[in-house]
Q: 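The structure's right below; bear with me while I get my questions together.
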Amino acid sequence: MMRQAKPAVARRPLNYQEVWGRVGIYAFLGVVALFFLLPLYVMLVTSFKSMDEIRLGLIFSLPRQFTIDAWVKAWTSACTGLECTGLRVGFGNSVKILVPSVVVSILLGAVNGYALSFWKVKGANVLFACLLLGSFIPYQVFIYPLVRVYAQTGIYGSLAGIVLTHVIFGMPVMTLLFRNYYSGLPIELFKAARIDGAGFWKIFVSIILPMSAPIAIVAVIMQVTAIWNDFLLGLVFAGRENLPMTVQLNNIVNTTTGERAYNVNMAATVLTSLVPLAVYLLSGRWFVRGIASGAVKG
Amino acid sequence: MGAEFTRHVKRNLVAYIALLPMAAVVIFAYLGTMAWSVRLSFSSSKLLPRSDFVGLNQYVTLFDTSRWLTSLGNLAVIAFFFLLICFVLGCLLAIFIDQNVRGESLFRTVFLYPYAMSFVVAGLIWQWILNPDLGIQATMRGFGFSGFVLDWVVNPRMVLYAVILATVWHGSGLVMALILAGLRGIDGEIWRATRIDGIPAWRVYLSIVLPMLRPMIITSLVLLSISIVKMYDVVVAMTNGGPGTASEVPAKFIMDNLFERANIGLATAASTVMLITVLMVMAPVIYSQYFRKSGRAA
């Protein structure tokens, strides 16, 4: 990706029209930026208010008395239906789902990509085409039969079930990502190793994997955000014991009876967003690279 | 062929074995489940799958179900405005950022961060901001604008625009990021040449630069379209399809019929309709995007 911006034209004083042009550019960007930041701001100020203050109906005002009660409640004792265990349960579940799903899906994606771009396997490209096409199709087409199969094999509603589901639905993007990256590597490396008598796994481990760091970072970023943010698959496949944070968040906010605790809801919403936000802020341009190179996102 | 094929397989045996997981996923998890779903749509399955054959009955019922027709209509409205606004806003943001603005990376970060968060979060935040009792409406009335109305989330005629607002907030940064990446790859010579010819900048963007960004535009439209067809989380979190059925969408219609209304035949008929629609739209795009350029000739 080219980094440098358009070269600035000559450094001469701007004329009247150009000054207004600059002002217009900043005004537009500033207004839109405010629109984008508004929800984050509202979410944060609401989460630090007490319910008494929220009832005043001043959604944009700063909290008069900062309180972290809502945060504590959201984390430790917010209720989903009858259980009042707080979001930490969902957080733990999301971590338990995330780690194996990310590791397995990336490893499989790397092996698939490597086999597809360096080895001759009859029918592999047809399989890959089907896989890609599958990633465009709404989950609703696959879900019901998968539920039946899972139920029969006994993994329905288990950690293994939801991990397998994430591996299945992450496979198209991961395979595409690694295949395209490996296709850009010089094939001479591979040929030389073959002549030296190295086999499939030997080449993979000692030549291909050490060169995979950049694409592996992109893959981790994509999978962590995608799996953490997933709602539908967790809802269907994870089972009551392993519901991920997004599902628990929605239950906390939308199934409460009586007066809604908006401050707790917003604290819970921020908590659920922390992991993907941290990944986003820390990864910077890598995040964009992920979007651009894996044009099929689950 | 026989002996030669055997030799080929022997030389590449490990590669064949390494691709077995992918083959299994494609054959069972994608193609098999898809076929099963389509098969069920021709049966009279209710709570449990049945293996009878009732022809197109489920499809006739489906297109006689007002909830489904409402869902389709809603999806069309959402898709139209979402794609239009995201695209125009995303392009404008990218072009404005590309004018050597100060604080460029800050603007980029602000415009893309919603995309890193989950749809559940997006739905919940906007549900709160648009809350008629305590959100923007209450705040504006508190300032003295007693007739101020912003009741989108509870008004059946406006609720779709609330969903569009939340999804545009979530998705326009994606277009911005992809188009901006494209703009950075454009040769600076074009600007020099058009400036000499005295062509106004907006014309250059419209008739020269945007056509050059075709791949980026297609990628972003494909990504946005997929997210619209799959749209489920944001609606569940924000409105749960309501008020009434005013914000029902097809993906939610299918989920409800599969898991709550115990109408598997109808649900699979609906998912088959989605499947066919997506295939018809996506097949040419996938072909032109992935199979003509990338990929080493094996």
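Every chain is numbered from 1, with letters handed out A, B, ... down the list of sequences.
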Q: A:I221 versus chain B, heavy atoms under 4.5 Å apart: side chain, backbone, both or neither?
A: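 Neither; nothing under 4.5 Å.
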Q: Using heavy-atom distances under 4.5 Å, tell me whether A:T165 contacts chain B through its side chain, its backbone, both, or neither.
A: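 Contact with chain B is absent: no heavy atom of A:T165 under 4.5 Å.
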Q: Quick one: what part of B:V121 sits under 4.5 Å from any heavy atom of chain A, side chain, backbone, both or neither?
A: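 Both the backbone and the side chain of B:V121 come within 4.5 Å of chain A.
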Q: Chain A heavy atoms under 4.5 Å from B:N131: which part of the residue, side chain, backbone, both or neither?
A: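 The side chain, not the backbone.
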Q: Under 4.5 Å heavy-atom distance to chain B, tell me which part of A:V236 shows up: side chain, backbone, both or neither.
A: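 The side chain, not the backbone.
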Q: Check each atom of B:Q127 against the heavy atoms of chain A and say whether the ones under 4.5 Å are side chain, backbone, both or neither.
A: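 Just its side chain gets close to chain A.
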Q: Between B:Y30 (side chain) and A:S135 (backbone), is there a donor-acceptor pair under 3.5 Å?
A: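 Absent.
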Q: Could you tell me whether the side chains of B:S118 and A:W228 share a donor-acceptor contact shorter than 3.5 Å?
A: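 There is no such pair (donor and acceptor under 3.5 Å, judged by atom type) between the side chains of B:S118 and A:W228.
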Q: Where on B:L89 is there a heavy atom nearer than 4.5 Å to chain A: the side chain, the backbone, both, or neither?
A: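 Interface part for B:L89: side chain.
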Q: Counting only heavy atoms closer than 4.5 Å, note whether A:F142 contacts chain B via side chain, backbone, both or neither.
A: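 Contact with chain B is through both the backbone and side chain of A:F142.
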Q: Hey, what do you get for CD1 (A:I137) to CG (B:L275), rounding to the nearest 0.5 Å?
A: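 Output value for this atom pair is 5.0 Å.
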Q: Check whether B:L258 gets within reach of chain A through its side chain, its backbone, both or neither, counting any heavy atom under 4.5 Å.
A: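 Side chain only.
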Q: Report which part of B:Y232 has an atom under 4.5 Å of a heavy atom belonging to chain A: side chain, backbone, both, or neither.
A: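 The side chain, not the backbone.
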Q: Identify the two heavy atoms, one from B:A18 and one from A:N112, that lie closest to each other, and give their separation to 0.1 Å.
A: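 Residues B:A18 and A:N112, closest heavy atoms: O-OD1, 4.3 Å.
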Q: May I ask you to decide if A:I59's main-chain N or O and B:T139's side chain share a donor-acceptor pair within less than 3.5 Å?
A: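 Yes; at least one donor-acceptor contact below 3.5 Å.
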Q: What part of B:V236 gets closer than 4.5 Å to chain A, counting heavy atoms only: side chain, backbone, both or neither?
A: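 Both backbone and side chain.
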Q: Out of curiosity, B:M140 CE to A:F60 CZ, how far, rounded to the nearest 0.5 Å?
A: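 The distance works out to 8.0 Å.
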Q: Starting at OG1 of B:T33, measure out to CD1 of A:I143 and round the result to the nearest 0.5 Å.
A: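 It comes to 10.0 Å.
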Q: Can you tell me how far apart CG (B:D233) and CG (A:N229) are? Round to the nearest 0.5 Å.
A: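 Rounded to the nearest 0.5 Å, the CG-CG separation comes out at 9.0 Å.
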Q: In terms of heavy-atom proximity below 4.5 Å to chain A, should B:I136 be classed as side chain, backbone, both, or neither?
A: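 It is both, since atoms from each part get that close.
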Q: Has A:N254 got a side-chain atom pairing as donor or acceptor with B:A237's backbone, closer than 3.5 angstrom?
A: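 Yes; judged by distance alone, with no hydrogens or angles, the pair exists.
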Q: Side chain, backbone, both or neither: which part of B:V25 has a heavy atom under 4.5 Å from chain A?
A: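 Just the side chain, heavy atoms under 4.5 Å.
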Q: Under a 4.5 Å heavy-atom cut-off, does chain A meet the side chain of B:S105, its backbone, both or neither?
A: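 Neither part, no heavy atoms under 4.5 Å.
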Q: Please round to the nearest 0.5 Å and tell me the distance separating atom OH of B:Y16 and atom NZ of A:K120.
A: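 Spacing of OH (B:Y16) from NZ (A:K120) equals 11.0 Å.
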Q: List the atom of B:F111, the atom of A:L29, and the distance in Å for their closest heavy-atom pair.
A: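 Minimum heavy-atom contact is CZ-O, 3.7 Å.
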Q: Given heavy-atom pairs under 4.5 angstrom as the criterion, report whether the side chain, backbone, both or neither of A:L108 touches chain B.
A: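 For A:L108, the side chain is the part near chain B, not the backbone.
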Q: Just jot down the ring-ring contact (aromatic ring centres under 6.0 Å, His included) partners of A:Y181, sequence neighbours excluded, or say none.
A: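 By the ring-ring contact (aromatic ring centres under 6.0 Å, His included) rule, A:Y181 matches no residue at all.
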Q: Is the side chain of B:W169 donor-acceptor paired with the backbone N or O of A:F36 at a distance under 3.5 Å, no angle test?
A: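 Side chain of B:W169 to backbone of A:F36: a pair is present.
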Q: What part of B:P250 lies closer than 4.5 angstrom to a heavy atom of chain A: side chain, backbone, both or neither?
A: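 When you check distances to chain A, no heavy atom of B:P250 falls under 4.5 Å.
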Q: For B:L183, which atoms come within 4.5 Å of any heavy atom of chain A: side chain, backbone, both, or neither?
A: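 Interface part for B:L183: neither.
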Q: Checking B:Y113 against A:Y280 for the ring-ring contact (aromatic ring centres under 6.0 Å, His included) test, could you report, in this order, the C-alpha distance in whole Å, the side-chain angles of both residues, the deciding distance, and whether it holds?
A: CA-CA 7 Å; B:Y113 88 90; A:Y280 171 67; 7.2 Å; no
Q: I need the B:R102 CZ to A:R22 CZ distance, nearest 0.5 Å.
A: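 It is 8.5 Å, given to the nearest 0.5 Å.
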Q: With a 4.5 angstrom heavy-atom cut-off, is it the side chain or the backbone of B:L180 that approaches chain A, or both, or neither?
A: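 Neither part.
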Q: So which part of B:L279 gets closer than 4.5 Å to some heavy atom of chain A, the side chain, the backbone, both or neither?
A: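 Only the side chain of B:L279 comes within 4.5 Å of chain A.
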